[in-house]
Amino acid sequence: MMKLWMVTSLELAELFVSAMVHLLYAFYIFSTAVAGDISKNVNDYLFKSNVDVNDYDQSQSNVEGLPPIVLRLGGLSYFAGAEKKDERVLVPDLGSLTSIYDRARELFYYLKGGRVDFGEEHSEACGHSRFGRDYRKGQYPEWDEDHPIHFVGHSAGAQVIRVLQQMLADKAFEGFDETNENWVLSVTSLSGAFNGTTRTYLDGMRTEDGIGMKPISLLQLCRIGVIMYDWLDISWLKTYYSFGFDHFNMSWKKTGLRGLVDCLVGNTGPFATGDWVLPDLTIQGSTSLNSNLQTFPNTYYFSYATKRTRRIMGMTIPSGVLGIHPMLFLRVFQMSQWRFPQDVSPPYKGYRDEEWQENDGAMNTISMTHPRLPVEHPSRFIRSDSECQTLQPGIWYYKIVEADHITFIVNRERAGVQFDLIYDSIFQRCRKHVFRKIPQTLPNQSPRAPRSPR
């Protein structure tokens with residue numbers, strides 16, 4: 001009894017600390033965004049430009065016909081100004097907690113134009129409206145096989161791009177019968193969530209199925225906060241940050257008090273149907289998602305896997321204190337020590353805890369290199385960018401970088417010179433591979449357990 005009480009007390013203490021750290025960081029990000037807007041408005045007022053934005057010809061930024069680079073996730077200057085390094089960069093602001101499927105659908109219409117169609121069958125099964133935001137013109141309406149796009153995705157954004165490319169190959173967008181996988185010229189992943197993460201279980205996802213949540217967990221607090229945020233529907237707040245659940249119609253204006261109660265008790269909403277991002281980020285959810293995704297022979301693939309751990313005397317521990325963001329340090333340590341419960345079936349045949357201990361505080365390094373589950377895709381490990389001067393399409397080139405999960409986003413100063421080196425390398429690589437080469441014939445792949453990155 002005493003042991004159970006002590007374990008419960010420690011779990012509640014850890015939950016309190018984690019919740020406070022995340023709340024403080026969220027407040028920091030939000031206040032930074034507000035301060036930035038105030039500063040911009042004051043600057044615009046004091047130093048009014050004589051240039052009429054209506055006289056600007058957008059075609060001038062594409063005088064050489066270069067394909068645009070899409071940085072996937074957006075909002076609150078997510079990429080910390082990296083988008084300013086190239087004239088042809090688009091930064092969509094999609095929902096941060098919506099499912100990978102829903103984000104992929106919205107990304108298509110953001111680029112091509114039109115009203116977001118989540119699909120009749122999917123919408124009915126997940127309990128939300130079939131249609132979403134209307135992108136009347138689209139940011140790149142000429143997008144097609146002759147006008148392909150480079151995509152750069154961070155974390156879950158990397159999987160969003162892969163799902164979108166598969167949808168293009170499957171001609172999954174009604175009214176757009178000409179789509180195919182060649183609309184995507186290259187995919188670059190930063191700390192990409194290809195094969196899931198053990199952090200989802202630490203935060204509250206059930207290890208048994210990777211779908212449900214533990215009754216007392218950080219994710220339950222997140223669920224309540226998100227439901228209240230969307231129900232209150234404060235427009236000026238949503239201009240700074242949106243979780244992307246508008247198509248679930250959770251606002252008090254549409255559902256009233258009864259709608260709030262239904263969402264909180266789990267009768268309706270994204271958390272009731274599982275149509276949100278965390279189930280997609282468990283190892284089981286990622287494996288299921290990957291079973292329908294291909295690596296295509298005409299597309300260039302590159303991945304930066306990050307880690308903030310090191311091996312000492314057979315143990316994996318955080319690689320330092322100063323180099324890890326305070327919000328992530330506890331999770332780096334916890335993920336390096338986490339073990340899959342012995343009384344639960346492992347997420348795949350051949351699973352070994354040791355292979356999943358290296359991490360960046362949010363994702364396991366083994367998961368970020370390239371798609372491995374349930375079938376390992378063609379890949380090549382490189383130590384420096386000089387090793388991939390001539391990339392071959394259809395192969396995942398990956399590099400392991402000493403960094404935590406948010407080193408290359410939000411705060412540019414924190415990453416220092418490494419920030420510029422990473423993004424300069426990404427943009428130079430994109431601009432180098434403007435045209436496709438002869439398609440490569442890929443070797444047949446057989447299902448096998450993932451191997452640890454070297």
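Nothing fancy with the numbering, it's 1 onward along the sequence. In what follows, every heavy atom counts, from backbone to side chain, and hydrogens, waters and symmetry copies are set aside.
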S.K.: Between Ile395 and Arg380, which heavy-atom pair has the shortest distance, and what is it?
M.R.: CG2-N, 4.1 Å
S.K.: For the residue pair Arg429 and Phe302, would you count it as a cation-pi contact if the rule is NZ or CZ under 6.0 angstrom from the ring centre and within 45 degrees of the ring axis?
M.R.: yes
S.K.: For Leu278 and Thr200, which heavy atoms make the closest approach, and how far apart are they?
M.R.: CD1-CG2, 3.5 Å
S.K.: Within the 4.5 Å heavy-atom criterion, are Lys399 and Arg383 side-chain neighbours or not?
M.R.: no
S.K.: Check for a donor-acceptor pair, side chain of Thr239 on one end and backbone N or O of Trp236 on the other, with a separation under 3.5 Å.
M.R.: yes
S.K.: Within the distance-only criterion (no hydrogens, no angle test), does the side chain of Ser242 pair as donor or acceptor with the backbone N or O of Gly244 below 3.5 angstrom?
M.R.: yes
S.K.: Heavy atoms, side chains only, cut-off 4.5 Å: are Asp246 and Arg133 in contact?
M.R.: no
S.K.: Please list all pairs passing the salt bridge (Lys or Arg N to Asp or Glu O under 4.0 Å) test where one or both residues lie in residues 270-289, with sequence neighbours left out.
M.R.: none
S.K.: Going by heavy atoms in the side chains, are Ser191 and Ile409 under 4.5 Å from each other?
M.R.: no
S.K.: Would you kindly say whether Gln159 and Asn290 are connected by a side-chain donor-acceptor distance under 3.5 Å?
M.R.: yes
S.K.: Backbone N or O of Trp183 within a donor-acceptor pair of the Trp143 side chain at under 3.5 Å?
M.R.: yes
S.K.: For a side chain to side chain donor-acceptor pair (under 3.5 Å) check, start with the C-alpha distance between Thr197 and Ser367, then their side-chain angles and the critical distance, and finish with the verdict.
M.R.: CA-CA 7 Å; Thr197 170; Ser367 176; over 6 Å; no
S.K.: Measuring centre to centre across the rings, with the benzene-like ring taken for any Trp, is His370 within less than 6.0 Å of His377?
M.R.: no
S.K.: Decide yes or no on side chain to side chain donor-acceptor pair (under 3.5 Å) for Tyr135 and Glu106, but give the supporting numbers first.
M.R.: CA-CA 9 Å; Tyr135 295 98; Glu106 184 160 0; 2.6 Å; yes
S.K.: Indicate yes or no for a side-chain donor-acceptor contact from Arg372 to the backbone of Ile366 under 3.5 Å, with no hydrogens or angles considered.
M.R.: yes
S.K.: With no hydrogens and no angle check, just 3.5 Å: does a side-chain donor-acceptor pair link His150 and Thr188?
M.R.: no
S.K.: Is the side chain of Thr309 donor-acceptor paired with the backbone N or O of Ser319 at a distance under 3.5 Å, no angle test?
M.R.: no
S.K.: Cut-off 3.5 Å, side chains only: do Arg162 and Gln165 have a donor facing an acceptor?
M.R.: no
S.K.: I'd like to know if the side chain of Thr287 and the backbone of Ile283 have a donor-acceptor N/O pair within less than 3.5 Å.
M.R.: yes
S.K.: Going through the checks in order, is the side chain to side chain donor-acceptor pair (under 3.5 Å) test met by Ser189 and Tyr398?
M.R.: CA-CA 9 Å; Ser189 166; Tyr398 68 91; over 6 Å; no
S.K.: Going by ring-ring contact (aromatic ring centres under 6.0 Å, His included), name the residues that satisfy it together with Phe340, two or more places apart in sequence or in a different chain.
M.R.: Tyr201, Trp338, Tyr351
S.K.: Just jot down the ring-ring contact (aromatic ring centres under 6.0 Å, His included) partners of Phe329, sequence neighbours excluded, or say none.
M.R.: none
S.K.: Do you know which two heavy atoms are closest between Thr179 and Leu168, and how far apart they sit?
M.R.: OG1-O, 2.9 Å
S.K.: Is there a side-chain contact between Thr316 and Arg310, using heavy atoms and a 4.5 Å cut-off?
M.R.: no
S.K.: To the nearest 0.5 Å, what is the distance between OH on Tyr110 and CG on Leu94?
M.R.: 8.0 Å
S.K.: Give the ring-plane orientation class for His247 versus Phe118, where under 30° counts as parallel, over 60° as perpendicular and anything between as tilted.
M.R.: parallel
S.K.: Is the backbone N or O of Gln337 less than 3.5 Å from a side-chain atom of Arg339, with the two atoms forming a donor-acceptor pair by type?
M.R.: yes
S.K.: When you measure from the side chain of Tyr301 to the backbone of Ser379, do you find a donor-acceptor pair of N or O atoms at a distance under 3.5 Å?
M.R.: no
S.K.: With no hydrogens and no angle check, is any side-chain donor or acceptor of Gln284 less than 3.5 Å from a backbone partner on Thr207?
M.R.: yes
S.K.: Under the ring-ring contact (aromatic ring centres under 6.0 Å, His included) criterion, do His405 and His325 qualify, and how do the steps go?
M.R.: CA-CA 9 Å; His405 196 67; His325 194 280; over 10 Å; no
S.K.: Mind checking whether Pro92 and Val70 have side chains closer than 4.5 Å, heavy atoms only?
M.R.: yes
S.K.: Over all heavy atoms of both residues, which pair between Gly119 and Arg105 is shortest? Give the atoms and the distance, please.
M.R.: N-NH2, 4.3 Å
S.K.: Kindly indicate whether the side chain of Trp356, heavy atoms from C-beta on, has any atom under 4.5 Å from the side chain of Asn195.
M.R.: yes
S.K.: Step by step, would you call Arg311 with Gln357 a side chain to side chain donor-acceptor pair (under 3.5 Å)?
M.R.: CA-CA 10 Å; Arg311 298 278 295 179; Gln357 290 178 349; 3.2 Å; yes
S.K.: With no hydrogens and no angle check, just 3.5 Å: does a side-chain donor-acceptor pair link Asn292 and Gln166?
M.R.: no
S.K.: Is Asn298 reaching over with its side chain to a backbone N or O of Asn182, donor-acceptor style, under 3.5 angstrom?
M.R.: no
S.K.: Once side-chain contact (heavy atoms from CB on, under 4.5 Å) is applied, do any residues pair with Ala193, and if so which ones, sequence neighbours excluded?
M.R.: Leu281, Met363
S.K.: Got a sec, which pairs hit salt bridge (Lys or Arg N to Asp or Glu O under 4.0 Å) with one end in residues 209-236, sequence neighbours left out?
M.R.: Asp230-Lys238, Asp233-Lys238, Asp233-Lys253
S.K.: When rounded to the nearest 0.5 angstrom, what is the spacing between CD in Gln294 and OG1 in Thr299?
M.R.: 10.5 Å
S.K.: Rounded to the nearest 0.5 Å, how far does CD1 of Ile227 lie from SG of Cys263?
M.R.: 5.5 Å
S.K.: If I compare all heavy atoms of Pro67 with all of Tyr140, which pair ends up nearest, and what's the gap?
M.R.: CA-OH, 4.5 Å
S.K.: What residues form a ring-ring contact (aromatic ring centres under 6.0 Å, His included) with Trp276, not counting sequence neighbours?
M.R.: Phe271
S.K.: Taking the side chain as every heavy atom from C-beta outward, state whether Leu202 and Met335 have any pair of such atoms under 4.5 Å apart.
M.R.: yes
S.K.: Below 6.0 angstrom between ring centroids: does that apply to His128 and His122?
M.R.: yes
S.K.: Kindly give the heavy-atom pair with the smallest separation between Ala272 and Gly266, and that separation in Å.
M.R.: CB-O, 3.3 Å
S.K.: Do the side chains of Tyr423 and Leu190 get nearer than 4.5 Å, heavy atoms only?
M.R.: yes
